[in-house]
Amino acid sequence: MPTDHSRNPLLVALDVESGDRAIELAKELREVAGGFKIGSRLFTLEGPALVRRLVDSGARVFLDLKFHDIPNTVAKAVEAAVRTGAWMINVHASGGAAMMQAAARAGSDASALDGRPTPLLIGVTVLTSMDDATLRDTGIGRPLLEQVLALARMAQTAGLQGVVASPRETAAIREACGPAFTIVTPGIRGASAGLEANDQARTMGPAEAMRAGASFIVVGRPIIAAPQPAAAARAIVEEIGGRTSGSAAISR
Ligand code: C5P
């Protein structure tokens, strides 16, 4: 029986220097990854053609461009992202309720018009590179977790399907936003994901993150920089095996 990728919560971050390398990795990992994340570096280098190539090969693509602009501009950007065939896209929740509502409307309208499935629209709450002090510098005085939860609730009310969250915030968001809310968790290290933290400060192992309530985990360097990427990815999937939470978001 073929592998059911739609139930595999492992998203591999293709943080590489060229489209050729991304395609090579995607081929190597296609049987073991649940999807691939393309960030702003690779997208700026290779453009939507790379996203379409991956989508045409049958892969689910999380287009991680974190849109943040006035509502009309974000709506148009979301519309363009839908046309790449991306399965998941994201915007900064701090852009506000009107911006997120415009994004959600654009996502469903553009996909309906094209007869495509509506992509999952995810909010970025507070970047994991920030702490209470750097948040205060931007004029936000409340504690980081409070800010994360407020933005997650705002994203949910505005019609977004979920948020990106550090492993440390996952359980509180799951509690606040309920079982159907999609939580995408990067910062995965330790256990089968290897011990080197790189620049990730607040990390968790793959199974631990799923237990905390993640719907998807995003893993980059522990897989793409491993001597055998497919083996590294397989070890992670095996570790989380049977831990897919069964939320509706996962089967999209
Ligand atoms: O290599 P590593 O596993 O740290 O990659 C994690 C990926 O998730 C990177 O592409 C990083 O930009 C992204 N990410 C993150 N923290 C966030 C949002 C995205 O680490 N809050």
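Atoms within a ligand are numbered from 1 in the order they appear, just like the ligands themselves. These values consider heavy atoms only, across backbone and side chains, with no hydrogens, waters or symmetry-generated copies.
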Note to self: Check the orientation of Phe216 and Trp87. Use parallel for under 30°, tilted for 30 to 60°, and perpendicular for over 60°.
What the structure shows: perpendicular
Next item on the list: Quickly, which of Val163, Leu145, Val126 forms a side-chain contact (heavy atoms from CB on, under 4.5 Å) with Glu169? Name it, please.
Entry: Leu145
Margin query: So which atom in Leu65 and which in Ser40 form the shortest heavy-atom distance, rounded to 0.1 Å?
Written below: CD2-CA, 3.8 Å
Check: Is the shortest distance from a heavy atom of Leu127 to ligand 1 less than 4.0 Å?
Finding: no
Next item on the list: Could you pull out, from Val219, Val126, Val218, Ile224, the option with a heavy atom nearest to atom 7 (C) of ligand 1?
Entry: Val218
Next item on the list: Mark up the atoms of ligand 1 that fall under 4.0 Å of a heavy atom belonging to Pro222, in ascending order.
Entry: 3 (O)
Check: Closest heavy-atom contact between Ile217 and Ala214?
Finding: CG2-CB, 4.3 Å
Note to self: Could you check whether any side-chain N or O of Thr84 sits under 3.5 Å from a backbone N or O of Ala80, counting only pairs where one atom can act as donor and the other as acceptor?
What the structure shows: no
Margin query: Salt bridge check, Arg21 against Glu24: does any charged N sit closer than 4.0 Å to a carboxylate O?
Written below: yes
Margin query: For ligand 1, which is the ligand I care about here, please tell me if Gly220 has any N or O atom under 3.5 Å from one of the ligand's N or O atoms.
Written below: yes
Next item on the list: Determine whether any heavy atom of Gly39 lies closer than 4.0 Å to an atom of ligand 1.
Entry: no
Check: Which part of Thr128 is near ligand 1, with near meaning a heavy atom under 4.0 Å away: side chain, backbone, both or neither?
Finding: both
Checklist line | Approximate separation, where rounding is to 0.5 Å, of Ile89 CD1 and Ile38 CD1 | finding: 13.5 Å
Next item on the list: Taking only heavy atoms of Arg221 into account, list the atoms of ligand 1 that are under 4.0 Å away from them.
Entry: 1 (O), 2 (P), 3 (O), 4 (O)
Next item on the list: Output yes when the distance from some N or O of ligand 1 to some N or O of Asp64 is under 3.5 Å, and no in every other case.
Entry: no
Check: Can you check whether Lys66 has an N/O within less than 3.5 Å of an N/O in ligand 1?
Finding: no
Checklist line | Where ligand 1 meets Arg189 - atom numbers and elements under 4.0 angstrom, heavy-atom basis | finding: 1 (O), 2 (P), 3 (O), 4 (O)
Item checked: Region of Ser166 engaging ligand 1 - heavy atom pairs below 4.0 Å -> neither
Checklist line | Joint hydrophobic cluster, Leu160 plus Leu127, side-chain heavy atoms closer than 4.5 Å | finding: yes
Item checked: Atoms of ligand 1, numbered as shown, that sit under 4.0 Å from any heavy atom of Asp15 -> 9 (C), 10 (O)
